[in-house]
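Structure, as structure tokens:
For the single chain, residues carry numbers from 1 onward in sequence order.
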Amino acid sequence: MKKIALITGATSGIGRACAFKFAEGGYNLIITARSADKLEIVKRDLEDLGAEVLGLAFDVQNREASKKAYNYLPQEWRDIDVLINNAGMARGLEPEYKGSFEDWDEMIDTNIKGLLTMTRLVVPGMVERNHGHVINIGSVAGDAAYAGGNVYCATKAAVKALTDGLRIDLANTAVRVTNIKPGLVETNFSKVRFHGDVERANAVYDGIKPLTGEDIADVCYYAACAPEHVQIAEVLVLATHQASGSVIYRAK
């Protein structure tokens, strides 16, 4: 019987790459995202790899919609082996005293509260079966703040604390918990941060070869495939010329 992975934010970037990596590894997939149309496209491509795929269209910011989607899962999809809390975003790069209330709410509701909602929904079943793995996509930004990162960095610091706390809470079970902390990854992340300003988004990657979604998916899959007695608690993954969230060497 194939294992099941549930991946939030699965239609682009790291989430999409994780879906394909786990499908190639023989998993069936529950993929979630806000857009039903985008989910259908990814679903068809994953099915071409031989995976069974269930798409759930909802926004993790909306707790009631998240609960409704999860509660309607068919029985054969409920024994989730791997939960990848990937859905997340950054908004803006303004000083904290000039930030947008709306941007703050989106980041907090997605990066923290959305992750908590999915954890609360899925993990009790893992505990009951004494089997499962939660992989949270954190960030190097959670280790230390950088200029303009204020609230985003705070949300990713919260992801680290919540991941560590969950691991402590589950220490008496066989459920594993991992925090993957990427550095610069070239996805639509910066386009979202800058509200669709493509030129400004592309400039983030000037002079450096960034990571790809596939690079992070490889790390997630490695953690999931470790022997049952091995818990990879945390992995920091940086581009070669990135030393931290704020130290980046850019070729001229």
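The shortest non-hydrogen separation linking Met118 to Asn85 is CB-OD1, 3.3 Å. Between Arg16 and Thr11, the shortest heavy-atom contact is CD-O, 3.6 Å. Heavy-atom minimum distance, Ala87 versus Val60: CB-CG2, 4.0 Å. Residues Lys43 and Val53 come closest through the heavy atom pair CE-O, 3.1 Å. The nearest pair of heavy atoms linking Leu93 to Arg200 is CB-NH2, 4.1 Å. Of all heavy-atom pairs between Asn179 and Ile137, the closest is OD1-C, 4.4 Å.
Of the residues listed (Thr119, Thr163, Thr178), the one engaging Asn136 in a side-chain hydrogen bond (donor to acceptor under 3.5 Å, both in side chains) is Thr163, and it is the only one. With Leu211 as the partner, the side-chain contact (heavy atoms from CB on, under 4.5 Å) test is satisfied by one option alone out of Val185, Val219, Thr240, Leu238: Val185.
Leu39 and Leu49 fall within a single hydrophobic cluster, where Ile, Leu, Val, Met, Phe, Trp and Tyr are joined by side-chain heavy atoms under 4.5 Å apart, directly or via other members. Ile180 and Val134 sit in two unconnected hydrophobic clusters of ILVMFWY residues. Membership requires side-chain heavy atoms under 4.5 Å apart, directly or through other members. The cluster map of Ile, Leu, Val, Met, Phe, Trp and Tyr, joined by side-chain heavy atoms under 4.5 Å apart, puts Leu83 and Leu46 in different clusters. In terms of hydrophobic clustering, with Ile, Leu, Val, Met, Phe, Trp and Tyr side chains grouped at heavy-atom distances under 4.5 Å, Val122 and Ile135 are assigned to different clusters. Hydrophobic cluster membership differs between Val177 and Val159, with clusters built from Ile, Leu, Val, Met, Phe, Trp and Tyr side chains linked at under 4.5 angstrom.
The shortest distance between side-chain heavy atoms of Ile216 and Cys18 does not fall below 4.5 Å. Looking at heavy atoms from C-beta onward, Ile30 lies out of side-chain contact with Ile7 at the 4.5 angstrom threshold. The shortest side-chain heavy-atom distance between Arg193 and Tyr152 falls under the 4.5 Å cut-off.
A distance of 11.5 Å separates CG of Asp59 from OG of Ser35, quoted to the nearest 0.5 Å. Here the CG atom belonging to Leu56 is positioned 5.5 Å from the CG atom belonging to Leu73, to the nearest 0.5 angstrom. Note that the CZ atom of Phe20 and the OH atom of Tyr221 stand 15.5 Å from one another [nearest 0.5 Å]. Distance CG/Asn188 to CE/Met89: 10.0 Å, rounded to 0.5 Å. Going from atom CE of Met107 over to atom CD of Glu102 covers 11.0 Å, rounded to the nearest 0.5 Å. The distance from the CD1 atom of Ile248 to the CG atom of Leu184 is 4.0 Å, given to the nearest 0.5 Å.
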Verdict with supporting geometry, Trp77 and Glu52, side chain to side chain contact (heavy atoms under 4.5 Å, CB included)
CA-CA 10 Å; Trp77 286 96; Glu52 292 183 37; 4.0 Å; yes

I would like to know whether Glu64 and Lys67 meet salt bridge (Lys or Arg N to Asp or Glu O under 4.0 Å); could you show each step before the answer?
CA-CA 5 Å; Glu64 290 309 310; Lys67 289 165 65 176; 3.5 Å; yes

Would Lys160 and Glu234 count as a salt bridge (Lys or Arg N to Asp or Glu O under 4.0 Å) if you check the C-alpha gap in whole Å, the side-chain angles of each, and the deciding distance to 0.1 Å?
CA-CA 9 Å; Lys160 173 176 171 51; Glu234 187 171 281; 2.9 Å; yes

Decide yes or no on side chain to side chain contact (heavy atoms under 4.5 Å, CB included) for Lys181 and Val237, but give the supporting numbers first.
CA-CA 6 Å; Lys181 305 187 300 184; Val237 191; over 6 Å; no

Derivation and outcome, side chain to side chain contact (heavy atoms under 4.5 Å, CB included), residues Ile84 and Val82
CA-CA 6 Å; Ile84 302 180; Val82 179; 3.8 Å; yes

Report the C-alpha separation of Lys21 and Asp218 in whole Å, then their side-chain angles, then the decisive distance to 0.1 Å, and conclude whether the salt bridge (Lys or Arg N to Asp or Glu O under 4.0 Å) test is met.
CA-CA 7 Å; Lys21 184 69 179 181; Asp218 286 346; 3.3 Å; yes

Does the side chain to side chain contact (heavy atoms under 4.5 Å, CB included) test come out yes or no for Val204 and Asn202, once each step is laid out?
CA-CA 5 Å; Val204 171; Asn202 290 341; over 6 Å; no

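At distances below 3.5 Å, not a single donor-acceptor pair connects side-chain atoms of Asn28 with backbone N or O atoms of Lys2. Distance alone, capped at 3.5 Å, is enough to place a donor-acceptor pair between the Asn62 side chain and the Ala65 backbone. Remark: the backbone N or O of Ile208 is not paired with any side-chain donor or acceptor of Arg250 at under 3.5 angstrom. In this structure a side-chain-to-backbone donor-acceptor pair under 3.5 Å is present from Arg167 to Ala233. Looking only at distances, a side-chain donor or acceptor of Arg176 sits under 3.5 Å from a matching main-chain atom of Ala224. Asp81 places a side-chain N or O within donor-acceptor distance of the main-chain N or O of Ile4, the cut-off being under 3.5 Å. Side chain of Thr155 to backbone of Ile112: no donor-acceptor contact under 3.5 angstrom is found. Without hydrogens or angle criteria, Asp215 side chain to Thr212 main chain gives a donor-acceptor distance under 3.5 Å. In this structure, the side chain of Glu94 does not engage the main chain of Gly148 through any donor-acceptor pair within 3.5 Å.
Salt bridge status for Asp79 with Arg129: present, with a side-chain N to carboxylate O gap under 4.0 Å.
Side chains of Ser244 and Asp143: no donor on one and acceptor on the other come within 3.5 Å. Side-chain contact of Thr117 with Arg63: a donor-acceptor pair under 3.5 Å is present, judged by distance alone.
Relative ring orientation between Tyr249 and His241 is described as tilted, the plane-to-plane angle lying within the 30° to 60° band.
Cation-pi geometry between Arg78 and Tyr70 is met: the NZ or CZ atom falls under 6.0 Å from the ring centre, inside 45° of the normal. In this structure, Arg34 forms no cation-pi arrangement with Phe58, as its terminal cationic atom is not both closer than 6.0 Å to the ring centre and no more than 45° off the ring axis.
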